[in-house]
A.B. asks: 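Here it is, the structure in full.
Proteins come first, then strands; the chains are lettered A, B, ... in the order of their sequence lines, and each starts at number 1.
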Amino acid sequence: KAGVTQTPRYLIKTRGQQVTLSCSPISGHRSVSWYQQTPGQGLQFLFEYFSETQRNKGNFPGRFSGRQFSNSRSEMNVSTLELGDSALYLCASSLSSPPTDTQYFGPGTRLTVL
Amino acid sequence: GESVGLHLPTLSVQEGDNSIINCAYSNSASDYFIWYKQESGKGPQFIIDIRSNMDKRQGQRVTVLLNKTVKHLSLQIAATQPGDSAVYFCAEAPPNDYKLSFGAGTTVTVRA
């Protein structure tokens with residue numbers, strides 16, 4: 001069974017631009033979560049989606065948004081990029097109820113904001 | 001706010017020795033805990049989990065211990081191998097929250 005895939009793997013943007021990251025969960029998984037990983041703040045929860053509904057959201061500004069499609073694929077969008085948004089963005093999928101349903105992480109998208 | 005943290009940012013271990021990685025958590029409502037391993041260039045990989053109604057759980061070469069009295073979690077790796085070199089994160093979750101709060105991570109380096 002294929003793992004969680006994220007595209008693109010690397011991205012370079014400039015301040016003020018917006019970016020969309022994509023995540024394809026493991027087949028059959030209906031929950032998708034997003035995390036931001038930085039050296040200073042570590043891994044921080046962004047949001048979680050299940051059946052196209054956001055069930056939880058972390059403490060990030062409104063510039064960070066996401067959505068989930070009927071096939072469980074998910075996208076996250078960051079608008080008006082800031083230098084501090086440079087990070088590894090990780091997507092994780094699970095059957096239905098993370099984290100007690102094991103979350104499987106993708107390799108991440110490395111975003112660099114110049 | 002409440003957070004999960006690891007006691008040591010780095011740990012150097014001789015190959016074949018046992019490793020112990022520690023973590024302190026502060027959210028008394030958390031009832032589920034997980035250890036993840038992250039290798040360079042990869043996403044975190046599930047190692048082992050434990051619920052708050054247990055104090056010990058064993059896997060293959062790994063054991064997780066939970067001490068709710070002092071809010072402490074540890075991961076023991078038996079006979080550490082070069083492939084165990086990675087960053088290890090503990091994470092906690094309160095019930096029905098659908099999210100994990102991660103600690104800062106401990107970088108484990110295995111010496112040959």
Side-chain angles (χ1 to χ4, degrees), chain A residues 3-7 9-10 21 23-26 29-51 53-60 66 68 74 87-110, chain B residues 1-10 21 23-27 29-54 57 59 62 64 66 73 86-107:
Chain A
V4 177
T5 58
Q6 293 187 244
T7 57
R9 291 293 311 278
Y10 303 91
L21 311 181
C23 172
S24 292
I26 291 171
H29 285 193
R30 297 173 63 191
S31 166
V32 174
S33 301
W34 289 89
Y35 291 84
Q36 181 197 64
Q37 185 173 27
T38 60
Q41 299 298 317
L43 277 149
Q44 293 189 295
F45 173 78
L46 281 157
F47 23 66
E48 188 266 351
Y49 288 90
F50 178 81
S51 291
T53 300
Q54 186 183 89
R55 294 193 293 192
N56 202 348
K57 188 178 191 306
N59 295 323
F60 280 82
Q68 185 181 36
S74 177
L88 181 68
Y89 290 88
L90 291 158
C91 166
S93 77
S94 64
L95 280 171
S96 64
S97 297
T100 50
D101 285 339
T102 302
Q103 289 183 287
Y104 296 87
F105 283 82
T109 293
R110 173 74 62 184
Chain B
E2 295 175 311
S3 64
V4 176
L6 282 159
H7 291 303
L8 294 174
T10 61
I21 306 168
C23 175
Y25 68 94
S26 58
N27 187 349
S30 292
D31 66 349
Y32 185 66
F33 305 87
I34 308 174
W35 282 98
Y36 279 92
K37 170 186 179 183
Q38 187 174 24
E39 296 173 282
S40 181
K42 297 182 179 180
Q45 177 186 359
F46 173 90
I47 301 174
I48 192 167
D49 60 359
I50 188 167
R51 294 183 181 272
S52 58
N53 61 351
M54 304 172 69
R57 190 161 188 229
V62 294
V64 56
L66 175 63
L73 192 69
V87 181
Y88 290 80
F89 296 94
C90 66
E92 62 165 328
N96 302 316
D97 209 25
Y98 306 117
K99 72 175 187 183
L100 288 168
S101 295
F102 283 84
T106 292
T107 300

A.B. asks: Mind checking the CG-NZ spacing from A:L46 to B:K99? Nearest 0.5 Å is all I need.
C.D. replies: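 Reported to 0.5 Å precision, the distance equals 11.0 Å.
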
A.B. asks: Can you establish whether the number of heavy atoms outside A:F50 located under 6.0 Å from its atom CZ is more than 12?
C.D. replies: yes

A.B. asks: Decide if atom CG of A:N59 counts as having more than 12 heavy atoms of other residues, nucleotides or ligands within a radius under 6.0 Å.
C.D. replies: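 Check fails, neighbour count at 12 or below.
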
A.B. asks: Where does A:F47 contact chain B at under 4.5 Å (heavy atoms): side chain, backbone, both or neither?
C.D. replies: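 Looking at A:F47, nothing touches chain B.
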
A.B. asks: Can you say whether A:L43 sits under 4.5 Å from chain B via the side chain, the backbone, both, or neither, judging by heavy atoms?
C.D. replies: both

A.B. asks: Under 4.5 Å heavy-atom distance to chain A, tell me which part of B:Q38 shows up: side chain, backbone, both or neither.
C.D. replies: side chain

A.B. asks: Heavy-atom pairs under 4.5 Å with chain A - which of B:Y98, B:Y32, B:Y36 has more of them than the others?
C.D. replies: B:Y98

A.B. asks: Once you round to the nearest 0.5 Å, how far does CD of A:Q44 lie from CG of B:L100?
C.D. replies: 13.5 Å

A.B. asks: Tell me, side chain or backbone of B:N96 under 4.5 Å from chain A's heavy atoms, or both, or neither?
C.D. replies: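 Neither part.
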
A.B. asks: Picking from A:P99, A:G106, A:S31, A:G42, which has the most non-hydrogen pairs under 4.5 angstrom with chain B?
C.D. replies: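 Option with the greatest count: A:P99.
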
A.B. asks: Counting only non-hydrogen atoms closer than 4.5 Å, does A:Q37 touch chain B with its backbone (N, CA, C, O), its side chain (CB onward), both, or neither?
C.D. replies: side chain

A.B. asks: Any idea which heavy atoms bring A:R9 and B:G41 closest together, and the distance?
C.D. replies: NH2-O, 3.7 Å

A.B. asks: Give, as side chain, backbone, both or neither, the part of A:R110 having an atom under 4.5 angstrom from any heavy atom of chain B.
C.D. replies: neither

A.B. asks: For A:T100, is it the side chain, the backbone, both or neither that has a heavy atom under 4.5 Å from a heavy atom of chain B?
C.D. replies: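 Contact with chain B involves both backbone and side-chain atoms of A:T100.
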
